[in-house]
Amino acid sequence: MTKKDVPTPRFGWALTGSGHFFKECIAIMQGLPHLDVFVSKAAAEVMRMYKQEMVLPEGTRIFKDTTASAAPVGNFYFGVYHTLIVAPASSNTVAKCVTGISDNLATNTFAQAGKCRVPTIVFACDTAPEMDTEAPSGMVKVYPRRIDLENTARLKTFDDTSVVESLAELTAAVDARKQWLKSLSS
Ligand SMILES: Cc1cc2nc3c(=O)[nH]c(=O)nc-3n(C[C@H](O)[C@H](O)[C@H](O)COP(=O)(O)O)c2cc1C
């Protein structure tokens with residue numbers, strides 16, 4: 001597919017190295033038309049650990065984190081994306097996003113989406129003082145620190161940013177964007 005043939009506008013999805021509902025996030029991606037996926041270095045490793053493969057609809061583009069300048073995110077400036085989804089978002093990515101750091105592919109998608117006023121949905125993983133999450137070997141308990149919970153709370157104050165805290169909320173938020181897209185063409 002040449003650049004000219006790429007249907008736009010598209011969903012952008014940043015996948016980070018959080019294992020929290022990692023497999024389920026890939027399943028949601030499978031139902032998205034016109035999608036670009038941005039994979040952080042940690043996400044690429046975690047994907048192998050959970051034995052996941054990116055079997056995504058034809059035409060989906062997958063960008064790996066191979067450049068220091070996060071070159072693929074330049075497309076945000078040309079109206080290529082109507083929505084960015086960061087899911088699942090690791091504590092690390094959320095912490096960087098709330099402090100304005102953009103030093104890899106995932107954090108750059110968030111920063112550039114913000115600068116281009118592209119609506120963004122973030123599935124934050126640190127949402128309660130005690131949580132169950134799936135490690136590659138099975139379910140484990142995790143106790144997000146106060147700083148992690150504070151960062152999630154701070155992210156909720158960002159413009160054009162919806163922070164979702166469960167898979168059901170993520171599904172509903174993504175569906176709402178799909179409905180909105182549909183309404184444009186009817
Ligand atoms: C199997 C596995 C599961 C992980 N799950 C989580 C998680 O649920 N939440 C989290 O914040 N970090 C998790 N991590 C740690 C992140 O991958 C690590 O903090 C990484 O630096 C995040 O980088 P990124 O934010 O650039 O993707 C996990 C790591 C591994 C190996």
Side-chain angles (χ1 to χ4, degrees), residues 11-29 35-54 56 60-74 76 81 84-115 120-156 158 161-171 173-174:
F11 279 98
W13 192 303
L15 196 56
T16 80
S18 167
H20 196 59
F21 292 111
F22 192 87
K23 297 177 190 170
E24 291 81 357
C25 285
I26 291 182
I28 296 175
M29 280 180 201
L35 171 69
D36 285 352
V37 185
F38 302 91
V39 184
S40 81
K41 282 184 182 158
E45 293 177 8
V46 164
M47 197 177 323
R48 285 194 290 276
M49 292 179 208
Y50 286 90
K51 300 189 171 33
Q52 292 299 293
E53 277 179 44
M54 293 273 230
L56 296 171
T60 302
R61 298 188 298 183
I62 298 174
F63 295 105
K64 295 196 174 152
D65 198 351
T66 56
T67 62
S69 57
V73 302
F76 278 90
Y81 303 104
L84 172 69
I85 301 157
V86 185
S90 67
S91 323
N92 175 61
T93 290
V94 170
K96 287 180 180 177
C97 289
V98 297
T99 47
I101 294 173
S102 41
D103 66 349
N104 67 15
L105 193 54
T107 51
N108 260 294
T109 59
F110 182 79
Q112 307 320 319
K115 291 178 186 184
T120 297
I121 300 162
V122 183
F123 181 20
C125 301
D126 298 320
T127 55
E130 181 180 333
M131 302 173 60
D132 296 311
T133 194
E134 190 181 348
S137 54
M139 295 306 289
V140 292
K141 276 253 180 263
V142 61
Y143 304 93
R145 304 160 299 171
R146 195 183 313 148
I147 185 70
D148 301 319
L149 299 173
E150 284 170 5
N151 285 337
T152 299
R154 274 182 73 191
L155 195 62
K156 291 180 183 172
F158 275 52
T161 303
S162 308
V163 177
V164 295
E165 301 195 352
S166 66
L167 196 61
E169 281 182 23
L170 175 63
T171 306
V174 172

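For ligands, and for the atoms within them, numbers begin at 1 and follow the listed sequence. These numbers come from a predicted model, not from an experiment.
Of the protein's non-hydrogen atoms, the one nearest atom 5 (N) of ligand 1 is Gly19 N, 2.9 Å. Of the protein's heavy atoms, Ser18 OG, 3.1 Å lies nearest to atom 8 (O) of ligand 1. Closest to atom 20 (C) of ligand 1, if we only count protein heavy atoms, is Ala42 CB, 3.7 Å. Nearest non-hydrogen protein atom to atom 31 (C) of ligand 1 is Met49 SD, 3.5 Å. For atom 15 (C) of ligand 1, the closest heavy atom belonging to the protein is Gly17 O, 3.7 Å. In this structure, atom 2 (C) of ligand 1 lies nearest to the protein heavy atom Val46 CG2, 4.0 Å.
Atom-to-atom distance recorded for Met131:CE and Cys125:SG is 7.0 Å, nearest 0.5 angstrom. With values rounded to the nearest 0.5 angstrom, Lys141 atom NZ is found 3.5 Å from Asp132 atom CG. Taking OG of Ser162 as the reference point, atom CZ of Phe123 lies at 14.0 Å (rounded to 0.5 Å).
Judged purely by distance below 3.5 Å, without hydrogens or angles, the side chains of Asn104 and Ser40 never pair a donor atom with an acceptor atom.
At a 4.0 Å heavy-atom cut-off, ligand 1 touches Asn104 through the side chain alone. Both the backbone and the side chain of Ser91 come within contact range of ligand 1, each with a heavy atom under 4.0 Å. Here Thr16 has heavy atoms under 4.0 Å from ligand 1 in both its backbone and its side chain. At a heavy-atom distance under 4.0 Å, no atom of Ala135 approaches ligand 1.
Proximity of Ser91 to Asn151: side-chain heavy atoms (C-beta onward) are nowhere separated by under 4.5 Å. With a 4.5 Å cut-off on side-chain heavy atoms, Met54 and Leu15 count as touching. Looking at Val37 and Leu56, their side chains come closer than 4.5 Å, going by heavy atoms from C-beta outward. The shortest side-chain heavy-atom distance between Thr16 and Val94 does not fall under the 4.5 Å cut-off.
A side-chain contact (heavy atoms from CB on, under 4.5 Å) with Asp65 is found for exactly one of Val39, Asn108, Leu105, namely Leu105.
A heavy-atom separation below 4.0 Å is not found between Ala106 and ligand 1. Within the 4.0 Å heavy-atom cutoff, Tyr50 counts among the residues contacting ligand 1.
Which of Ser137, Ser40, Ala14, Cys97 comes nearest to atom 27 (O) of ligand 1 through a heavy atom is settled by distance: it is Ser40.
Proximity to His20 (heavy-atom distance under 4.0 Å) selects the following atoms of ligand 1: 8 (O). Set against the non-hydrogen atoms of Pro136, the atoms of ligand 1 under 4.0 Å away are 1 (C).
Checking only distances, Thr133 never comes within under 3.5 Å of ligand 1, N or O to N or O. In terms of N/O distances under 3.5 Å, ligand 1 is approached by Asn92.
Using cut-offs of 30° and 60° for the angle between ring planes, the Tyr81 and Phe38 rings count as perpendicular. By the 30° and 60° cut-offs, the orientation of the rings of Phe110 relative to Phe158 is tilted.
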